[in-house]
Amino acid sequence: MKIVTWNINGVRARIENLIHWLRESQPDIVCLQEIKTVDDQFPRFEVEALGYHVETHGQKGFNGVAILSKLRFDEVNRGLPGDAADEQARFIEGVFSTDKGALRVVSLYLPNGNPIHDPVKFPYKLSWMARLERWAKARLALEEALILAGDYNVIPDPIDARYPEAWLGDALFQPETRQAFRRLENLGFTEAVRSVSDAPDVYTFWDYQAGAWQKNNGIRIDHLLLSPEAANRFTAASIEKHVRAWEKPSDHVPVAVELALEAA
DNA sequence: ATGACAACCCCGGGTTGA
């Protein structure tokens, strides 16, 4: 089974791109971030026509996440628990039945957090990460195959940026940010891409500006964290970076994992 | 130091992103 995360940077602006990619990549489950639309305006019919079920957690203008799946959803949960006042659409969880038992998949869009001295933005990022850690700890106790996939807005290590020194004052690379990501991993997750490669110049995002793509000035901020039960079935990871060279691309590319399990 | 680029809001220009 192929499970992919992709920050699409506006699903309505990118629908032709999305359809073309779905036909080419043939994923079973897709976690989208930054759909930038309310649920009613998600282009669901085009996606459903390719055989996908669609569940969204959208909002007007910004943020918004979705899960597309060839498997029927057994359960859907919207919003990260822990702050009833948080109205930003950054989290959706789907549960599926496989031949090896339940599979839980989360599509998350972790707050950017810049600028770091803003009284709201960086604290919001860190509190969101603390909430995610609490939620993940409880979910791990279920001992199910669980995948936390999304745009984490975290550069885990210097090797994950072409120019790490350029990110020293940035929320994506702050010590507190990296520590929070490490704490999450240390609950017992396997970070898919880095678990199979220590190669440099492996990125998932290239800014639109200043020729970042052409110069390979990228960062690796889109990640899939696998619970032990998911990691045991994990066979491959890949970054579909050719998509960044398409017409009218997102600034992020799809990141995929393969798991040795099938729809029930 | 700023802007570069792109999408959203909805129609001129602000907001957000990373």
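Every chain is numbered from 1 and lettered A, B, ... according to where its sequence line falls, protein lines coming before strand lines.
- Checking A/Tyr124 against A/Asp86 by side-chain atom types alone, a donor-acceptor pair falls below 3.5 Å.
- Rounded to whole Å, the separation between the C1' atoms of B/dT15 and B/dC10 comes to 13 Å.
- One finds no salt bridge joining A/Lys248 and A/Glu16 here, because no Lys/Arg side-chain nitrogen approaches an Asp/Glu carboxylate oxygen to under 4.0 Å.
- Look at CD on A/Gln59: it is 14 Å from C1' on B/dA7, rounded to the nearest Å.
- If you take atom P in B/dA6 and the same atom in B/dT2, they sit 22 Å apart, rounded to whole Å.
- When rounded to the nearest whole Å, the span between CD of A/Gln33 and P of B/dA6 equals 21 Å.
- For the C1' atom pair drawn from B/dG3 and B/dA18, the interatomic distance equals 15 Å after rounding to whole Å.
- Salt bridge absent: A/Arg194 and A/Glu185 never bring a charged side-chain N and a carboxylate O closer than 4.0 Å.
- Among the protein residues, A/Asn153 comes within range of the sugar-phosphate backbone only, with heavy atoms under 4.0 Å from sugar or phosphate atoms but none that close to a base.
- For A/His252, a side-chain nitrogen or oxygen approaches OP1 or OP2 of B/dA18 to under 4.0 Å.
- Going from atom NZ of A/Lys125 over to atom P of B/dG17 covers 11 Å, rounded to whole Å.
- Remark: P of B/dG17 and CD of A/Gln88 are 7 Å apart, rounded to the nearest angstrom.
- No engagement by A/Asn63 is indicated, since no non-hydrogen atom pair under 4.0 Å with the nucleic acid exists.
- Using a 4.0 Å cut-off, no side-chain N or O of A/Lys36 falls inside it from OP1 or OP2 of B/dA6.
- Closest-nucleotide positions on DNA chain B for A/Gly61 and A/Asp151 were compared, and the one nearer the 5' end corresponds to A/Gly61.
- For the pair A/Lys36 and A/Phe62, the cation does not sit on the ring face, since its NZ or CZ is not both under 6.0 Å from the ring centre and inside 45° of the axis.
- Here A/Lys248 reaches the OP1 or OP2 of B/dA7: one of its side-chain N or O atoms lies under 4.0 Å away.
- Under a 4.0 Å N-O distance rule, the pair A/Arg182/A/Asp157 qualifies as a salt bridge.
- Each of A/Lys60 and A/Leu172 lies near DNA chain B, and the nucleotide nearest A/Lys60 is the one positioned closer to the 5' end.
- Phosphate contact (OP1/OP2 of B/dA18, side-chain N/O of A/Asn7, threshold under 4.0 Å): present.
- Among the nucleotides B/dA6, B/dA18, B/dA4, the one closest to any side-chain atom of A/Gln209 is B/dA4.
- Rounded to an integer number of Å, the gap from A/Gln214 CD to B/dA4 C1' is 13 Å.
- Atom pair A/Asp170:CG and B/dG17:C1' shows a separation of 11 Å (rounding to whole Å applied).
- Between A/Asn114 and B/dA18, a side-chain N or O to OP1/OP2 separation shorter than 4.0 Å is absent.
- In this model, the phosphate group of B/dT16 is not approached by any side-chain N or O of A/Tyr109 to a distance below 4.0 Å at OP1 or OP2.
- Going from the P atom of B/dG14 to that of B/dA4 covers 13 Å, rounded to whole Å.
- Counting only heavy atoms from C-beta on, A/Trp167 has its side chain closest to B/dA18 among B/dT16, B/dG17, B/dA18.
- For A/Lys121, a side-chain nitrogen or oxygen approaches OP1 or OP2 of B/dG17 to under 4.0 Å.
- Taking the six-membered ring for Trp and the full ring otherwise, A/Trp246 and A/Trp21 have centroids separated by 6.0 Å or more.
- For the OP1/OP2 pair of B/dC8 and a distance below 4.0 Å, the side-chain nitrogens and oxygens of A/Arg14 include no atom meeting the criterion.
- Remark: C1' of B/dA6 and CZ of A/Arg12 are 14 Å apart, rounded to the nearest angstrom.
- Residues A/Trp206 and A/Asn216 have side chains that bring a donor and an acceptor to within less than 3.5 angstrom of each other.
- Distance A/Phe62 CZ to B/dA6 C1': 12 Å, rounded to the nearest Å.
- Across all strands, A/Asn9 comes closer than 4.0 Å only to sugar-phosphate atoms, never to a base (heavy-atom distances).
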